[in-house]
Number of protein chains: 2
Amino acid sequence: MTKRKKHIIAIVDDHSLFASSLEKLINSFSNFSVLFHAKNGLELQERIENGFLPEIILLDINMPIMDGFETAEWLMLNHPKIKTLALSMEDDELTILRMLRKGVKGYLLKDIHPEILNHALQELMDKGYYHSEKVSETLLNSLNPDEDVILLDLKENELTFIKLACSEMTYKEIADIMDLSPKTIDGYRQDLFRKLKIKNRVGLVIFALKKNLIKL
Amino acid sequence: MTKRKKHIIAIVDDHSLFASSLEKLINSFSNFSVLFHAKNGLELQERIENGFLPEIILLDINMPIMDGFETAEWLMLNHPKIKTLALSMEDDELTILRMLRKGVKGYLLKDIHPEILNHALQELMDKGYYHSEKVSETLLNSLNPDEDVILLDLKENELTFIKLACSEMTYKEIADIMDLSPKTIDGYRQDLFRKLKIKNRVGLVIFALKKNLIKL
DNA sequence: CGATTAAACAGGGAAAACCCTTTTTTAAAA
DNA sequence: TTTTAAAAAAGGGTTTTCCCTGTTTAATCG
């Protein structure tokens with residue numbers, strides 16, 4: 001309730017319709033206002049280097065040219081005082097962990113209610129961090145730190161393989177789709193089974209679901 | 001807001017601590033009051049046959065002696081005017097469908113908030129039915145009526161097999177646990193694959209998860 | 001009781017999955 | 001350009017899964 005200057009926010013999102021409406025929403029809050037929005041990380045860099053310095057950045061992840069991961073990393077290294085809040089539709093644990101490792105102060109899912117956004121921003125300023133309920137849940141469910149390391153170390157091909165292995169395709173078919181030898185696929189499989197300490201493909205499906213790597 | 005007589009409710013639940021607190025809660029509502037509670041369907045029958053006739057019955061499912069399914073069936077056949085509301089922790093589609101087939105007017109999950117209960121009871125009287133949000137979702141997700149028929153027709157052994165097949169056990173191990181021949185298990189498998197039109201065990205896991213037959 | 005029906009079980013074979021190890025290829029570093 | 005390391009591929013074998021069909025067993029019923 002103290003009368004003070006509004007906190008300055010920047011929005012980074014390639015979906016400009018979303019960004020504009022978000023801007024309107026935030027400007028309606030009493031404690032926050034939007035300074036500018038950028039279509040991707042590169043545009044954000046330009047703005048910042050031209051002297052437009054926000055306190056908070058709402059950062060989308062899936063963007064062309066320079067995505068959320070790169071952007072968050074650049075921010076962490078070059079402007080550590082800016083509080084970055086990831087704002088995405090992705091709720092899989094891998095994406096969440098990756099962003100947290102890039103130094104974001106919070107992770108918001110895009111389906112949050114308007115009032116929650118206000119609350120989230122306030123908490124971010126007060127406590128220094130804020131996560132969506134679902135995100136906190138996901139992070140809490142991850143009681144096995146080893147698994148997190150494994151998850152973060154997954155190569156792109158391994159990830160693709162896991163997702164495809166959660167379908168009814170045979171490994172042969174997966175190999176065809178990924179344009180790799182069945183023997184290579186078998187290598188991925190074997191490797192993952194060892195790392196994840198699982199006995200068969202069912203274990204892989206369960207893992208993928210627990211980590212939200214696939215949806216039902 | 002019209003001043004009228006409270007609607008008379010009976011609670012059927014073997015967990016008497018839960019039943020008692022539920023009674024207190026309901027008695028605090030302006031439009032409803034609890035007439036009695038019974039530990040199982042048999043006790044309910046006795047009460048009703050002694051002239052205690054509620055308008056609404058909150059019916060638990062897992063109870064000794066006479067469970068929710070039997071009780072709902074008996075109520076449907078003998079007292080069709082009583083509105084029965086299933087009140088359970090089970091959120092799998094099979095249980096839900098089974099209860100609906102026994103004529104219950106609604107399905108509430110036990111983790112609902114107190115205010116929702118009041119609203120649920122009111123809706124039940126006004127519209128004649130009410131389902132928990134999660135339940136409605138589950139029923140909505142089931143866009144394949146054929147699958148529902150299959151689900152309802154599942155034998156106990158088939159169900160057990162499905163659940164075990166969602167673990168990392170081999171069919172041989174499942175056969176041991178269920179004390180059946182591996183060939184019998186293979187029969188279940190083959191049968192289910194045909195009925196559910198799936199190609200392999202992954203399909204079975206996905207099915208079980210979609211229907212909430214297993215939890216992660 | 002024989003007849004019917006469903007559940008349990010079996011024979012037998014092909015295809016996938018699983019597993020260990022080694023080699024080739026590729027790309028980056030020294 | 002040689003070294004090194006990681007990714008891809010392969011050799012080769014065992015186990016499990018998958019699938020078709022047919023038989024025995026058990027329970028129910030006219």
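Residue numbers start from 1 in every chain, and the chains themselves are labelled A, B, ... in the order their sequence lines are given, proteins ahead of strands.
Looking at A:Y188 and A:N157, their side chains do bring a donor and an acceptor atom within 3.5 Å of each other.
In this structure, B:Y171 atom OH and C:dA16 atom C1' are separated by 12 Å, rounded to whole Å. Protein atom NZ of A:K172 is 13 Å distant from nucleotide atom P of D:dA9, rounded to whole Å. Across the protein-nucleic acid pair, A:D176 atom CG and C:dA16 atom P stand 11 Å apart, rounded to whole Å. Rounded to an integer number of Å, the gap from CZ of A:R189 to C1' of D:dA8 is 15 Å. In this structure, CG of A:L180 is placed 11 Å from P of D:dA10, rounded to the nearest angstrom. Taking atom CG on B:L196 and atom P on D:dC18, their separation rounds to 13 Å, with Å as the unit. Following rounding to the nearest Å, B:E168 (CD) and D:dT15 (P) show an atom-to-atom distance of 19 Å. Straight-line distance from the NZ atom of A:K199 to the P atom of C:dC18: 13 Å, rounded to whole Å.
Here B:H7 and B:F32 bring their ring centres to under 6.0 angstrom of each other.
Taking only side-chain atoms of A:K183, from C-beta outward, the nucleotide of C:dA17, C:dC9, C:dC19 with the closest atom is C:dC19. Comparing D:dC18, C:dA16, D:dA9 against the side chain of A:T170 picks out C:dA16 as the nearest. Considering only side-chain atoms of A:Q190, the nucleotide from D:dA9, C:dA17, C:dT21 that sits closest is C:dT21. The listed nucleotides are C:dA8, D:dC20, C:dA17; the one nearest the side chain of B:R194 is D:dC20.
Comparing B:I185 and B:N200 along DNA chain C, the residue whose closest nucleotide (by nearest heavy atom) sits nearer the 5' end is B:I185.
Rounding to the nearest 0.5 Å places CG of A:D60 at 9.0 Å from CD of A:E90.
Judged by distance alone with a 3.5 Å cut-off, a donor-acceptor contact links the side chain of B:D186 to the base of D:dC19.
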